[in-house]
Amino acid sequence: MTTMQKLFTEVSQPVATGGNKVTIVGVGAVGMVCAYALLTERLTNELVLMDMVKDKLQGEMLDLQHGAAFLRNVSVKSSTDDYSLTKNSRIVIITAGARQREGESRLALVQRNTDIFKSIIPQIMKYNSDTILLVVSNPVDILTYVAWKLSGLPIHKVIGSGTNLDTSRFKFLISEKLNIAPSSCHGWIIGEHGDNSVPVWSSVNVSGVRLTEINPKIGTAEDEENWLQLHKEVVNSAYTIIKLKGYTSWAIGLSVADICRGLIRNNNNLYAVSTLVKGFHNIKEEVFLSLPAALGCNGITQVVNQKLTPSEVQQLQESARVIAEVQSGLNFDLKQ
Ligand code: NAD
């Protein structure tokens, strides 16, 4: 008998998963902050990391495992190619892919990352027919559409991290201008994550006081206080940070963990996440864009029918048109 056999008397077989297992595909700058935030915020105690770069993957896994005793004994596993490890994941987060190069638009990344998705999604689905896919890789709205098509999952279970990050950047910048906490600044950035995102100036408010009532020109070029600049800064944030440190990671990792909190805790909180918007705001195209949506264990449960101005609707529709055009040129056929 081994020491282990002498030490224990088995009463029943342990279950395979505790129910909050999360897989992260891609352990780059973004994937690892997602992992760290999920573990330290105790949203999962079962993490699987997948990446194709063996040494880096193993190093990241070991480094996290060595902190397990500080994290209430979490389990962290990894593999380069054995997707059976991911079996029964509650959420699969995809951050794999090429990242933006300095000055490169998110749209230019699209086919490179679509090809990577073709190698990942079918493997995930083989072992996780009922999971929630949370796409982070850019261009996130298009890649969420690609993930939806490749996975065959119902629409409420394929979610893009979308403008949850842009909204957080917006709140931070408003908070700096008004000198109150970001969480007390209520405003939404919707639509496309990135260059064509839509700031909903018409509903920005602090404790119910809409800023348009105080400053009717807010968000327009005629506004003497130039609040418009805040949205420009939101749009330029990623470019600025990439120029300064090479990539963005902390805020996106926290944003993803925040979305996972909704999905794991079934909290019905509203998040600006990317979902199929055909039919909303008179959008005709089959595209994904961010709208405020409630999240629970089953994925997206409700989408808010925001009262938008004609100009805000027009911006969303224009984004939808551009994205549909890019999607039409995209090859996500698995056989090719
Ligand atoms: P990174 O280069 O540091 O990491 C990407 C990882 O993906 C690498 O470790 C790479 O080995 C892995 N990978 C590539 N192909 C793979 C495959 N087929 N299977 C498994 N792993 C694979 O990049 P990053 O900075 O972590 O960014 C990752 C993605 O997230 C990029 O597309 C980036 O543009 C995007 N991003 C999105 C947001 C957002 O708000 N949605 C914010 C920041 C970054």
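Numbering of ligands and ligand atoms starts at 1, following listing order.
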Linking Ile, Leu, Val, Met, Phe, Trp and Tyr by side-chain heavy atoms under 4.5 Å, what else ends up with Ile189? Phe170, Phe172, Leu173, Ile174, Leu178, Ile180, Trp201, Val204, Val206, Val209, Leu211, Ile214, Ile218, Trp227, Leu230, Val234
Subset of ligand 1 atoms that lie under 4.0 Å from at least one heavy atom of Val53: 11 (O)
Taking only heavy atoms of Gly28 into account, list the atoms of ligand 1 that are under 4.0 Å away from them. 1 (P), 3 (O), 4 (O), 6 (C), 9 (O), 26 (O)
Mind checking whether Ala98 has a heavy atom under 4.0 Å from ligand 1? yes
Is there any N or O on Leu165 that sits under 3.5 Å from an N or O of ligand 1? no
Where the side chain of Thr131 meets the backbone of Ser89, is there a donor-acceptor pair that is under 3.5 Å apart? yes
Would Val136 count as a polar contact of ligand 1, with the cut-off being nitrogen or oxygen pairs under 3.5 Å? yes
Is the shortest side-chain N to carboxylate O distance from Glu286 to Lys149 below 4.0 Å? yes
So between Ile94, Thr95, Val30, whose heavy atom ends up nearest atom 28 (C) of ligand 1? Thr95
Under 3.5 Å between some N or O of ligand 1 and some N or O of Asp51? yes
Under 4.0 Å from one or more heavy atoms of Ser161, ligand 1 contributes atoms 41 (N)
Just distances here: any N/O of Ser137 and N/O of ligand 1 closer than 3.5 Å? no
Could you list the atoms of ligand 1 found under 4.0 angstrom from a heavy atom of Ile116? 15 (N), 16 (C), 17 (C), 18 (N)
If you count the atoms of ligand 1 from 1 in the order shown, which ones are under 4.0 Å from a heavy atom of Asn113? 32 (O)
Any side-chain donor near an acceptor of the partner, His231 and Ser197, under 3.5 Å: yes
Return yes when atom NZ of Lys177 has more than 12 non-hydrogen atoms of other residues, nucleotides or ligands closer than 6.0 Å, and no otherwise. yes
Which residues pass the side chain to side chain contact (heavy atoms under 4.5 Å, CB included) test with Ile241, not counting sequence neighbours? Arg169, Lys245, Thr248
Need the ligand 1 atom indices (1-based, order shown) with element for anything under 4.0 Å from a heavy-atom of Thr248. 42 (C), 43 (C)
Which atoms of ligand 1 have any heavy atom of Ser119 under 4.0 Å away? 18 (N)
Just to be sure I'm reading this right: ignoring hydrogens, which of Gln123, Met52, Met50 gets closest to atom 14 (C) of ligand 1? Compare them by their nearest heavy atoms. Met52
Backbone or side-chain N or O of Lys56 under 3.5 Å from ligand 1 N or O: no
Answer yes or no: is there a donor N or O on one side and an acceptor on the other, between the side chain of Thr163 and the main chain of Asp166, under 3.5 Å? no
Counting only N and O atoms by type, is there a donor-acceptor contact under 3.5 Å from the side chain of Arg210 to the main-chain atoms of Asn205? no
Report the C-alpha separation of Thr86 and Thr23 in whole Å, then their side-chain angles, then the decisive distance to 0.1 Å, and conclude whether the side chain to side chain donor-acceptor pair (under 3.5 Å) test is met. CA-CA 6 Å; Thr86 72; Thr23 290; 4.7 Å; no
Heavy-atom donor-acceptor pair, Asn267 side chain to Asn269 backbone, under 3.5 Å: yes
